[in-house]
Structures are given as C-alpha cells and as structure tokens.
Amino acid sequence: MTIFWRNTLTLAGAATLSLGIAYAQTPDLSDPPAIEGEVVGDHGSHTLRMGLGLSDTSPQYLSSRYFADILEQRTEGRITVNIFPNSQLGDDVQMMEMLQTGSLDMSYPSSSPATTYVQELAVFDLPFLLPSREAAIAVMQSDTAQRMLDAFEGTGIKALTFSENGYRQLTNSARAVESPEDVAGLDVRGLSVRTMENPVHLSIWETLGANPTPMAFGELFSAMEQGVVDGQENPWSTILTSNFYEVQDYGSETRHVYTPFIMMMSQRTWDRLAPEYQELVQEAARQSAEYEIQLSTEYDDWAREQLEERGMQITRLDDDQIAAFQEAVQPVYDRWAPRIGEDLIAEIQSIVDATQ
Ligand code: KDG
C-alpha cells in the first residue's frame, strides 16, 4: 500500500487523479501475445456488441479486449467489437436470451446459468470435482467439453470456447467461516448467501444449512450493501474487481467449485459472418481464452492479498477443514449425479486423474 498523489491509469484506460491510499488496480499482468496471422479477405464490415457481467479490470474484460484487437487487426478494422462491462446490457440469463433473439451479438456468462440450454454443463457445478487448475484446464480443453459447446446447436447460441471464471470462495458480512457449522450457524441463523441462477449451487448452500437466494450478478453489490443477503461466493479476482470487499468483512478460501466461462455469439450473428470470418472469430476466441486463463491465474493469489490489505479478514482452510466441507456436501452428489449423468462424471474424473 502506498500513500501519494497518483495518476492512476488502469489497463482499461480510465485515468483518475486521487489523493489518499492508492491501491494497485491490477497485478503485474502479462501483455497479450503478439497478434499473428494473415489479414483475412474483405467480406464486409461488422460492428459487434459484447456484454459482460464483470468490470473493466477483470481478466474477462482484458482478454475480451485482446479478442477484439485480434479481429480488428486481422480484418484491417472491418470487424469491430464494442464491449460493455458491469452488466450494463443485462445479466447472464438476460444476455443469453438476447443472443437467442439476435438483439445482442456476444456475451461471456458463467457455465452455471447456461445449464438451462445444455444440462451436462452442470457437471462443473458439482462441488470439489476439479482439484487443481491443471485438472480444470484439461477438462475445459477436452473432447468432452467440446461436445458440450457443440450441444448448443439449435438453441440460437453459438458457444465458442471455455475459459476460466475460477475457484469460488465464500465471503460474508456476518462472521468468520471455518466450518460448515459456521455457515449453518448453531445459536444464530444460517448465512443468507446469494447464488448463481443454478439448481446445483442452490443445493450446495441448502445442504450446508445456509439460506440461499439465486440472484443476478448485477444486483449483488447493492443486495449485500443493503443487507438483503449476508454473503456470496465468487473467485477472489471478481470479489476484488467488483469491489465486494467494501461490503463484505469476511472471506474463506473454500474453493468449493471451479466454474468456467463460456464465450458465446448469437447464432444469427454467426450466420451472417462469411466462413472466413467465422474461422477467424473461432481462432480469436481460443487465443483470448488462453490469455484469459493466464490473467486469471496471475490475479488469483494477488487478489486475495489485495483484499486482505483492504481490510477483509480472510480465513485459509487447512486440508481437514476442506474435508469437512467436502463431506458435508456429499448429499449434493447423491442428488445430482444421477441427473447429470454418472458416465459423464466418470469421464470428467478420468481426465482429472490423468493430470494428477
Ligand atoms: O460476466 C460473467 C458474470 O456475469 C458472472 O458470470 C460472474 O460468476 C459470476 C456470478 O457469480 O454471477
């Protein structure tokens, strides 16, 4: 932490002059890889609108900028992507509906609310399924994951690629949480926790004895500020870049679920693009996803330290404490595994095992 006059130029380009405590907005992030490859032929001009839930300092936004830059450079400006962060255009569920009708060109939701389109995606919502980032990346890059993207066919959405949302951690404004009992509360009421709009997540927090409320991400900050919910769960990078530390005093490193993002395009927009443009969009999506995972990795521990510097009390959980959470959520598996598909879970498990 440094105290000085500061002209802060964030990567997103917003300049602010401030007096007081100046916290870094982002860690030392890798530059985007050089844009390589030929300029593609002239197949007309397109201006695409892309809506994001997260802020303009998030890895999601920064890598989407790289995606836009690839398209812009390799079409000599014929494809432009305008990015709207902070749920300006709607939340994940609304934006996916807009993709279906063609009133939005692109979005980048978590996989969890997308399970209404492709049910198999709920495998990612099973708690403690992916033990390491390496395992998660191997799964996201697998043929099994590609099959899930392909399964959007016919929904009005073209799913382009997975990338990292990350390991989700619990925060709240009521008490430090070290155990499932702290979530449920013994002498006090269970924590009210906002979840994504997804039944498995709801089930996790019900099983732990919390009072879960599904809610759009864009409404979350004010819901916590006004005490409508005690807490929420998201990766450290999101908790930092969405300023949740301003309204949440406690964090616990639960790592209970690893959720991916899915970069998506409206099928209508996709169908309007010439095949050569489609190929380029797909390539740019994959390249920017790799960059997003890199940025997200660089953000993770740094974001947790930044949150501590900004006053959040963060509880690290040891292996036994994590095991207690794992045991407590076993009923979620019993309930959901048959519906999600035992074969699919076994397939994911074997990809995970190969990385251990
Ligand atoms: O842009 C993505 C966000 O809208 C959202 O998916 C973030 O993980 C998230 C949440 O908790 O809703």
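Order of appearance sets the numbers: ligands from 1, and atoms from 1 within every ligand. Computed from a predicted structure; not experimentally measured. Note: hydrogens, waters and symmetry copies are ignored here, and every other heavy atom, side chains too, is used.
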Check: of Gly166, Ser110, Ser55, min heavy-atom distance to atom 7 (C) of ligand 1 comes from Ser110

Q. Does the side chain of Gln73 pick up a donor-acceptor pair with the side chain of Asp69 at under 3.5 Å?
A. no

Whether Phe221 and Phe244 hold their rings parallel, tilted or perpendicular, with breakpoints at 30° and 60° | tilted

At under 4.0 Å between heavy atoms, what of Gln232 touches ligand 1? The answer is neither

At under 4.0 Å between heavy atoms, what of Glu197 touches ligand 1? The answer is neither

The atoms of ligand 1 lying under 4.0 Å from a heavy atom of Gln60, numbered in the order shown, are 1 (O), 2 (C)

Taken in chain and number order and not counting sequence neighbours, the residues that satisfy side-chain contact (heavy atoms from CB on, under 4.5 Å) with Thr115 are Leu121, Ala122, Asp125, Asn198

Atom 4 (O) of ligand 1 has as its nearest protein heavy atom Asp92 OD1, 2.7 Å

Contact region, Phe261 to ligand 1, non-hydrogen atoms below 4.0 Å, reads side chain

Numbered in order shown, the ligand 1 atoms found under 4.0 Å of a heavy atom of Gly53 are 1 (O), 3 (C), 4 (O)

Hey, does Met196 come in under 3.5 Å of ligand 1, counting only N/O atoms on both sides?
no

#### Entry: Heavy-atom side-chain contact between Phe152 and Ile262 under 4.5 Å
yes

_Audit row: Gln60, Ser58, side-chain hydrogen bond (donor to acceptor under 3.5 Å, both in side chains) steps and yes/no_ = CA-CA 5 Å; Gln60 186 182 59; Ser58 64; 4.9 Å; no

Item to check | Validation row, ring centre His256 to ring centre Phe325 under 6.0 Å | outcome: no

Looking at Val93, Asn234, Asn86, Leu52, the heavy atom closest to atom 9 (C) of ligand 1 belongs to Asn234

Per-atom filter on ligand 1: closer than 4.0 angstrom to a heavy atom of Tyr108 are 1 (O), 2 (C)

When distances are taken from atom 11 (O) of ligand 1, the protein heavy atom at minimum range is Arg194 NH1, 2.7 Å

Per-atom filter on ligand 1: closer than 4.0 angstrom to a heavy atom of Phe217 are 7 (C), 10 (C), 11 (O), 12 (O)

| message | Using the ring centroid of each side chain, check whether Phe162 and Phe124 are separated by less than 6.0 Å. | response | yes

Item checked: Mutual orientation of the aromatic rings belonging to Tyr167 and Tyr258 [parallel < 30°, tilted 30-60°, perpendicular > 60°] -> perpendicular

Per-atom filter on ligand 1: closer than 4.0 angstrom to a heavy atom of Arg168 are 8 (O), 10 (C), 11 (O)

Derivation of the side-chain hydrogen bond (donor to acceptor under 3.5 Å, both in side chains) call for Gln321 and Ser179: CA-CA 6 Å; Gln321 288 170 316; Ser179 65; over 6 Å; no

Closest to atom 8 (O) of ligand 1 among protein heavy atoms sits Asn165 ND2, 2.9 Å

